[in-house]
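To start, the structure under review is shown below, and the notes come after it.
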Amino acid sequence: MMRRFFLIAVPYAWLLALFLVPFIIVLKISLSDTALAIPPYVPTVEWGQVREFLSQLDFENFVWLTQDDLYWKAYLSSVQIALLSTLMTLAIGYPVAYAMARAPEEWRATLMMLVILPFWTSFLIRVYAWMGILSNEGFLNQFLMWTGIISAPLTILNTNAAVYIGIVYAYLPFMILPIYATLDRMDASLIEAAEDLGCSRVSAFWLVTVPLSRNGIIAGCFLVFIPALGEFVIPSLLGGSRTLMIGKVLWEEFFNNRDWPVASAVAVILLLILIIPIVLFQRNQQKQAEAEP
Amino acid sequence: MPEKIFAPWNDPDQKPLIRFQNVTKKFGDFIAIDDLSLEIYEREFFALLGPSGCGKTTMMRMLAGFETPTSGSIELAGKNIVPVPANKRAVNMMFQSYALFPHLTVWDNIAFGLKRSKMPKDQIAARVDEMLKLTRLGKFARRKPHQISGGQRQRVALARSLAKAPKLLLLDEPLGALDAKLRQDTQFELMDIQETTGTTFVIVTHDQEEAMTVASRVAVMDEGKLIQVATPDRIYESPESVYVADFIGDVNIIEGRASKQGEDLYRVDWAEGQAPLVATSDREFSEGQTCHLAIRPEKIAISAEKPAEADNAVQGSILDIAYLGNLSTYHVELPGGMIIKAQTANTRRLSRRSFTWEDTVWLSWTATGAVLLAE
């Protein structure tokens, strides 16, 4: 009995210490007021004055988020960018995963390696590399001018286009891997059966392959959409001053304005927005587990 | 008027439904099918039988349209179907893995092929219901494949492949995934369904018993060639080669030298110091030609005393007894070390069995009981 209790207690203590406690701290800061102090907010918890401490907390910062249109515009534009880049990642990732699953058996390990390989380099360095590629004097413009397709360099860096390129590039493996896993598991005779029953190659793909990889598609989309929504590094390095994403707003609120309470309120709202797709994702995973024969 | 026996292969006026003409199929350097010609008739239940890698699955996949022959032609009802893609052939296949669509219900699986044709909706529903009735699946129409048993899945696969009323139905090891008891029942069910629908069935199997049970004709294959094509009883009782005799059922092969004794009768000298054996054969053997005598264990009688009027009799001692319930197989060692299998039906209860281990017994068989084969 004791043993079992400890076995369960350890992971729960872990979750409590590393997820719930930080969240409560952030929530608490979001209910505080900004101040010129260290830490830069009041009230702070002091022993014996819990009642006084609680009375100073309020929802002022959350009200503020609705008053300045910067915030809801940033949320909306984040959702839009995350949604669009998820669809683009799907459009690129699905064919890649399909090709991998159809590749000869002896190639697959190598192809899988190539998908995972970028993870071995720092994410930041890879984003900086894209700055080198996309800038006005970058490799891409030099190459396009060399081939004669364009005569003047294209402005890609510091626009939303660069943000889309960056997100699609960074999260592509998260789309490819779950789709590949479902396609790889699929019985090849199902496609033959569909063709045998009168399907063309194309209709067999839409009627059999796509529905059977549905779970992989959903998993991949969530794995891209959820982190892309709060993305900060890519919009701040590749995006321009007009790129509005909530991750960037949060960072500026925190470090430039040193307004920890508002930044915390932004973070809490972001979390609430993310909970919806996360719950949907969990439900999908659960349904998938139940459907397995 | 007596009912005519179904044997279109003996009728020169009959046109075959399928005609393989000098078909060769190579995969790289490997020759899967070697210059093979074969005719299959309408309403036949035709079995392709052979060990794995003999080319039987390749034959089936060429009929379905998943493989194209390297050379030669395949005709279906007089038309060359080699250039016709799989989805345009009036041929359907039941896959070994069943290949049921896991995301569709039983009903939708059966309707899948019908929906691809331009059939009106109410006709599709009627046809699916007809198929459900034929395969006794009515109760499971709304279930998904993973919610039904293996035997039911097998019937869904059959219903789905029959739904489009194909001219030819291909069955790839259809009963391979079922347990022995269910397999037997399903064999008879398959035969019933074949008869009711009047569809031509081609079945691929490595299970000789299954082929013998269901088929009107059996083709024994090895290394991309047809070794013998005949009715199950002819395959069993009159094999044309040692390979077929050995592949189908249990057999004793005795090697010896043949010499003519009279009309269709041969003497076989097979071992030093042993009396020669006699066997009838309508095949010609030259004097002293090496031959193989193939005798089925159930054609051999076993007795304690030397039988007075036997064409062939040899003495030996019982080495092993395999008790199979309805039958017992005796492994009898002859003085030269050769082991002959003899089978008797257990018409008596076990306690009154006449022979036991180490007993000296006589084995005997008639001159017509064995088949004399050249190779």
Side-chain angles (χ1 to χ4, degrees), chain A residues 90 94 97-98 101-108 178-222 280-281 283-293, chain B residues 57 60-61 63-67 84-105 108-119 124 131 143-150 153 156-166 168-173:
Chain A
L90 178 64
Y94 198 96
Y98 188 83
R102 294 284 170 278
E105 192 80 45
E106 62 268 24
W107 286 24
R108 288 190 202 165
I179 295 175
Y180 170 74
T182 53
L183 288 176
D184 188 46
R185 262 197 319 215
M186 212 176 97
D187 182 1
S189 61
L190 291 174
I191 301 299
E192 283 187 345
E195 281 181 41
D196 187 64
L197 293 166
C199 277
S200 63
R201 283 271 160 87
V202 179
S203 59
F205 174 78
W206 288 109
L207 289 168
V208 179
T209 312
V210 170
L212 287 179
S213 51
R214 193 181 131 253
N215 287 326
I217 294 172
I218 292 173
C221 285
F222 280 127
L280 285 174
F281 175 64
R283 286 230 334 241
N284 172 62
Q285 293 281 326
Q286 212 169 341
K287 253 170 60 186
Q288 186 184 344
E290 278 164 15
E292 295 283 323
Chain B
T57 304
M60 169 160 290
R61 292 176 61 81
L63 279 173
F66 299 131
E67 306 283 356
V84 181
N87 57 349
K88 300 268 190 321
R89 292 190 186 188
V91 175
N92 282 130
M93 180 156 167
M94 187 185 143
F95 289 78
Q96 185 175 7
S97 63
Y98 306 149
L100 298 179
F101 303 121
H103 59 298
L104 300 178
T105 60
D108 284 322
N109 261 286
I110 297 172
F112 191 90
L114 300 170
K115 284 183 181 166
R116 305 286 83 76
S117 59
K118 298 220 158 49
M119 197 185 248
I124 290 178
M131 285 296 119
R143 300 233 189 128
K144 292 268 180 80
H146 70 266
Q147 292 164 328
I148 57 178
S149 75
R153 255 175 260 169
V156 178
L158 184 66
R160 187 180 69 178
S161 52
L162 277 171
K164 290 182 87 174
L168 172 66
L169 181 73
L170 306 169
L171 302 107
D172 187 3
E173 305 266 2

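We name chains A, B, ... by the order of the sequence lines, and we start the count at 1 in each one. The structure displayed is predicted, hence computed values, not measured ones.
The two atoms that bring B:Phe66 and A:Glu195 nearest to each other are CE2-CB, 4.5 Å, heavy atoms only. When all heavy atoms of B:Pro102 and A:Leu212 are compared, the pair lying nearest together is CG-CD2, 3.4 Å. Among all heavy-atom pairs drawn from A:Ala193 and B:Arg160, the shortest one is CB-NH2, 3.6 Å.
For a residue to count as touching a neighbouring chain, one of its non-hydrogen atoms must lie under 4.5 Å from one of that chain's; by this rule A:Asp187 touches chain B with the side chain only. Of the atoms belonging to B:Lys164, it is side-chain heavy atoms, and not backbone ones, that fall under 4.5 Å from chain A. The parts of A:Leu207 that come within reach of chain B are both its backbone and its side chain, each placing non-hydrogen atoms under 4.5 angstrom from that chain. Neither the backbone nor the side chain of A:Ala204 comes within less than 4.5 Å of any heavy atom of chain B.
Under the salt bridge (Lys or Arg N to Asp or Glu O under 4.0 Å) criterion, A:Glu105 pairs with A:Arg108, not counting sequence neighbours.
Side-chain atoms of B:Asn87 come within 3.5 Å of backbone N or O of A:Cys199 as a donor-acceptor pair.
Heavy-atom proximity under 4.5 angstrom to chain A picks out B:Val91, B:Asn92, B:Met93, B:Phe95, B:Ser97, B:Ala99, B:Leu100, B:Phe101 from residues 91-101 of chain B.
The candidate with the highest count of non-hydrogen atom pairs below 4.5 Å against chain B, out of A:Pro211, A:Ser203, A:Gly198, is A:Gly198.
At most 12 heavy atoms of other shown residues, nucleotides or ligands fall within 6.0 angstrom of atom CZ in A:Arg201.
Atom NE2 of B:His103 sits about 8.5 Å away from atom CG of A:Leu190, to the nearest 0.5 Å. The CG atom of B:Leu114 sits 9.0 Å away from atom CG of A:Leu197, with the distance rounded to the nearest 0.5 Å.
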